[in-house]
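In what follows, a single structure is set out as structure tokens and then discussed.
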Amino acid sequence: MSSSVSAFRAANNHPNFPQMEDEVLKFWDEADVYHESLRRREGAPSFVFYEGPPTANGMPHPGHCLTRSIKDVFPRYKTMRGFRCVRKAGWDTHGLPVEVEVGKELGIHSKEEIEAFGVESFIQHCERSVWRYMQAWRTLTRRLGFWVDLDDAYVTYHQSYIESVWWSLKQLYDRGLLYQGHKIVWWWAQGGTALSAGEVGEGYREVADPSVYVRFPLIDRPNRSLVVWTTTPWTLPSNQFAAVHPELQYSVVADQETGEELIVATALVDTLAHKIKRPLETLETIDGTRLIGLRYQPPFDTYAARAGEIGTLADGTAQHRYFRVVAADFVTIDSGTGIVHMAPAFGEADHEVLLQERQRFIDQHTLELFCAVGPDGKFTHEVPDHAGVWVKDADKPLIRQLKESQRLLHQEQYVHSYPFCWRADQDPLIQYPRRSWFVRTTEYRDAMLANNAQIGWQPEHIRDGRFGNFLASNVDWALSRERYWGTPLPIWICQETGKGEAVASYAELLAKPGVSGTEAWEQAKAAMPELVDDLRVHKPYIDEVTYDSPFAPGARMRRVSEVIDCWYDSGAMPFAQFGWPHQNDAQFKDQFPADFISEALDQTRGWFYSQLAISTMLFSEQARAQQAEEHGVQVDGPHPFRNCIVLGLMLGEDGQKMSKSKRNYREPTEIFEKYGADALRWFFFSGQPPWTAIRYREQSIRESIPEFLLRLWNVFSFFTIYAEIDGFDPTAGATPDEQLHRSGFQGATGYRPVALRSEIDRWILSELNRTIEIVTQRMDALDNYNAAAAITSLVDALSNWYVRRSRDRFWAGEKESADKLDAFWTLYEVLLDVTKLIAPFTPFLAETLWQHLREPFANHSTDGNQPLASVHLCDYPEADPALIDTALSDSMRLLREIASLGRAARAEANLKVRQPLAKVEVVLANDSEIKWLESHDALVRDELNVKEVAYTTQGDQYVQYKIVPNFKRLGPRVGKNMPAVKAALADADGGKLLSEMQSVGKIVLPVADQSLELTAEDIDIRLTAREGWAAAQGRQCVVVLATELTDELIREGIAKDLIRTIQNLRKEIGCQYTDRIRIGIQTDSDQVKQAVIENQTLIAGETLATEILDAAVSGGGQAQGEDAVITIAAEPS
RNA sequence: GGGCGUGUAGCUCAGUUGGUUAGAGCGCGUCGCUGAUAACGACGAGGUCCCAGAUUCGAGUUCUGGCACGCCCA
């Protein structure tokens, strides 16, 4: 303690957080702290984290900062809690977005252009494009403090990754879960390609299309027709069904003019009558369900030959396959007739209906898809009248034919929005069926639901809401893509028999009999040695590899041309990140399933789904029952992730979507430079629960600094200032452990057990341990928001009560008083634990604090160990229940309330705090706390600047008592009579009831013909200050000020004003905290003169003055105030 | 059109199993503190808890039906 060199150096109280963070980053790099933190947990239980792979061919933006912050805080926390948490980075590298980027770069767009350019060169460009913004991602990740192993990242285009995906697809293929079917896509017929949803969305335009109302005469009653409406007459030749809504009402109406009967939705009869300009007489009304099954004559005879075909339903009954009425929920009465023409080839919804219908038949495949249009958008020979005609050009002649065949009821123009090709804006898109590979996920729907039910979702409603509903309405996964840059679908087909087989690895392929075609890759590699080897399993090289068919002698096996949906890639990452099962068996088994993942809400149908679907199909009990070979993964409970935090959408400054063009958000780099990463992180963690939509506002981020970071820093700075002045040295006699746990301070000089310390020390330690308890409990539940809230309130208590009320203990004259040392030790202990507590949240500030706090031990050799080099190597603090004192917490809360009420009363009475007052009286509702409060009145006296504090429950002269029922207690007991009880208590004399309660222990109240007995717990006492006093009321007490001032008190007030003026002068002339000064006070006022004389010791003590003269001192500063001219000068040191 | 979510102070958001004085931070205003000082404290203004109905002794909280906004899907 007496060392001449201070153990602590005063910390700068104007910290530059961004600069501090840069230094921390350097330190982390140099000391390799992340890997060291893993090494320290070698052999510890794993906390498994999966990184959802971002794509590195776009710039990272603020949304990524949120996900990366959340992904960082829990692994850091768990690591400190004793788990081993490896964080393997990953990159999503395949898919259309990459192709589009490369296309832009090369100035080519359509598939023909890509083919003409050369697929080989194209995918080589793709491979390079993927890493375009890698450096930006690295920089951001590091700068944000996201600890993830970027050097050991998984990459979806790597051969090992692809081979894992292949293995899984072979599993599915061998189990019959991979099949070919039709997918209805938005098709650009002129370009011969399908467009993605995003591209389709670009191209919507208002257009006028012909809209026709067509008669579908019933087979059994040719004079009666369904009236069907469509805006795409060209689809009518491919009609298969007519759909009605089973819950709608339909009417049979008579057309007076023709004598025919028409069926139309009841709600639309009038509309139709108006359109055809003649009255329709309702004959009968029937439910939609009764129309189902009725057969009709198709509008064209394209497929009329099939009209007689009959199939067998699952229940054994026979039914015609085509041209009948079916049920569909999407039918509306918004427009049309309530009866919808179904051409499943040209509408996704229509196609769904076909699939549903197929389900009903025993031999599902007999229900065909009618498609009278070729991929070029022109009619096939199946429509001889229009063969070779572009469908949109056929609308008119088709309508003419309908007119001729008496089928057309009405025709008009209909304006609606319709998609066109975004590159050739004269070309309308059409929905068109393409052959596509599907994963039969529907077979695993129940297993997926069961799996999902066990996942810990945050927020919980995702499970049964958005995600659960999505799973419940699961449809088979359209897996294949007719593109180039993606994982090739590993299915080889026999050129003769059409039979196929799946291949699980490149090696397996090479081992096939008669394999050939590998030279395509070998030649490319020889010509360009810099090509990455992973490309050998990509198009076009892989397409060249063929082998002898096992199905037909002499036939060859050739790969199908498609690649797969890149969502499947990312969904396979739980095993593919390790190349499992081809390698790393132990690693996979250790890291499966994940304990924790987190991504934004848009991943519900993306990564959350793809992971769950693949894992369920491969590893669930149902899957294991289907598998020929055992793959050694036995998982119960949810997989592949146990907990998932679903993050909300991030919005810009204006609450709108973030948009580059609107410039409504700040770039993360700008935030880092101005405020630092901790400010951004703390804003994310503490601002709102992570699943709410987050408004990313510069102002809110900036506010993290004074609210939290700077406030804590100020406490720390305060500590170091006085630790330096007083030479506080925690090392002397200490036997510290490497964590600097308080147990190592036991024998240190001046260290006293907590029980011997003052109440406020025990209070802040109690608050600290309570907070540790809450934070630990919340973080274990993956609830960063409430954990952060608990930390905030601890730092507030520390700064605004503990330090505020303990300041004079730190600047007390005696350097080695026990109380002063208690204060130092207490604050030091609290700072150490707070530093560890905040480490996962604001790792930079925590690291900086730790470096300072550990410094005395790092510099001095002690009997104990060296402290750990980084706070991130420490264990998380554990709450010490022995230090938690809830009664003390409650009492202190009351004390703080009294202080706050006292200040309120002062403000009310216009009495500033510098003016001392003689007395305050505190009126309490009960006496339970009085004893404790009396023992702490020094604190209140000081805080409120009064000479005396008196506590009483007998405050009739100051207050009125009002008794209200304790609703929670009495509610269940008195029920309906509650209002009567409330009224009776309000009407009675509160003071009387109270004294009755105090003397007898209960009160008896007449309520509704009976008397009700109330004990003290059944009532709440409310105090109201009477008029005429300088008083303020709270929930539990009223604080009353004695406002009369004596001359002595006034003079003391003057002295305090003088002190303040002098302190300001000290600062103005640049005094150090410990510099001594001389003071001159010149005044004509006798009152001031006397105030100075009476309070000389006080003034001199507070301002470190060696003497106070009544003449000017020169060489320093001067100020006017309190009717005096004040001069000060620094003493030479 | 369907699903899910959100709606509380000027702004950003809390609000536990229903309990009668609805909170925090920021901003604004007033006052104060001043050996942490670009920090800090107190007080104040500011709320039909989106609307309507229901359940209940009692609803911001539960239920039903609307309205608005957002996301996803059609």
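Every heavy atom of this structure was used, including side-chain atoms; hydrogens, water molecules and symmetry mates were not. The chains referred to below are lettered A, B, ... by the order of the sequence lines, with proteins before strands, and numbering in each begins at 1.
Taking the six-membered ring for Trp, Phe824(A) and Phe810(A) have ring centres closer than 6.0 Å. Between Trp457(A) and Phe608(A), the gap from one ring centroid to the other is short of 6.0 Å. In this structure, Phe470(A) has its ring center under 6.0 Å from that of Tyr609(A).
The phosphate of A36(B) (OP1 or OP2) has a side-chain N or O of Arg807(A) nearer than 4.0 angstrom. A sub-4.0 Å separation between OP1 or OP2 of G41(B) and a side-chain N or O of Asn800(A) is present.
No side-chain N or O of Glu698(A) forms a donor-acceptor pair with one of Tyr665(A) less than 3.5 Å apart. Using modelled atom types, one finds no donor on one side chain facing an acceptor on the other under 3.5 Å when comparing Tyr802(A) with Asp796(A). Of the N and O atoms on the side chains of Asn474(A) and Thr442(A), not one donor lies less than 3.5 Å from an acceptor on the other residue. No side-chain donor-acceptor contact under 3.5 Å links Gln777(A) and Glu773(A).
Computed from coordinates, the Arg711(A) CZ to A39(B) C1' distance equals 9 Å when rounded to whole Å. The CG atom of Asn714(A) sits 9 Å away from the P atom of A38(B) (whole-angstrom rounding). Atom CZ in Phe718(A) sits about 16 Å away from atom P in C40(B), given to the nearest Å. The interatomic distance linking Phe17(A) (CZ) with A39(B) (P) rounds to 13 Å, in whole Å. As a whole-Å value, the separation of Ile1059(A) CD1 from U37(B) P is 20 Å. One interatomic measurement links the two molecules: CG of Asn469(A) to C1' of C73(B), which rounds to 11 Å at whole-angstrom precision. The CG atom of Asp1057(A) sits 12 Å away from the C1' atom of G32(B) (whole-angstrom rounding). Look at CH2 on Trp713(A): it is 16 Å from P on A36(B), rounded to the nearest Å.
If you check every strand for non-hydrogen atoms under 4.0 Å, Ser473(A) touches nothing. When heavy atoms are screened at a 4.0 angstrom cut-off, Gly1101(A) is found touching base atoms of the nucleic acid. Among the heavy atoms of the strands lying under 4.0 Å from Val715(A) is at least one base atom, whether or not backbone atoms are also near. If you check every strand for non-hydrogen atoms under 4.0 Å, Ile462(A) touches nothing. Within 4.0 Å (heavy atoms only), Val981(A) reaches no atom of the nucleic acid at all.
When the nucleotides G3(B), C26(B), G41(B) are ranked by their closest atom to the side chain of Arg466(A), G3(B) comes out on top. Minimum atom distance to the side chain of Asp796(A) is reached by G41(B), of the listed G41(B), C4(B), C26(B). Of all nucleotides listed (G19(B), C26(B), U20(B)), C26(B) comes nearest to the side chain of Glu707(A). Among A36(B), C26(B), C72(B), the nucleotide with an atom closest to any side-chain atom of Arg605(A) is C72(B). Among the nucleotides C33(B), C71(B), G41(B), the one closest to the side chain of Arg1060(A) is C33(B).
Once rounded to the nearest 0.5 Å, the distance linking CD1 of Ile963(A) with CG of Asp1020(A) reads 9.0 Å.
A parallel orientation is assigned to the rings of Phe708(A) and Trp682(A), their planes being inclined by less than 30° (bins at 30° and 60°).
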Contact list (N/O, under 3.5 angstrom) for nucleotides 12-15 of chain B vs protein:
from, atom 1, to, atom 2, distance (Å)
U12(B), OP1, Arg695(A), NH1, 2.1
C13(B), OP1, Ala693(A), O, 3.2

Taking protein heavy atoms under 4.0 Å as touching, what does nucleotides 55-69 of chain B look like 5' to 3' if B marks base contact, S marks sugar-phosphate-only contact and - marks none? --B------------
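Residue Phe8(A) forms a ring pair (Phe, Tyr, Trp, His ring centres under 6.0 Å) with just one option from Tyr828(A), Phe716(A), Phe718(A), and that option is Tyr828(A).
Comparing the same atom, P, in C63(B) and in U21(B) gives a spacing of 25 Å after rounding to whole Å.
At a cut-off of 3.5 angstrom, counting only N and O atoms as typed in the model, there is no donor on one side facing an acceptor on the other between the side-chain of Thr792(A) and the base of A24(B).
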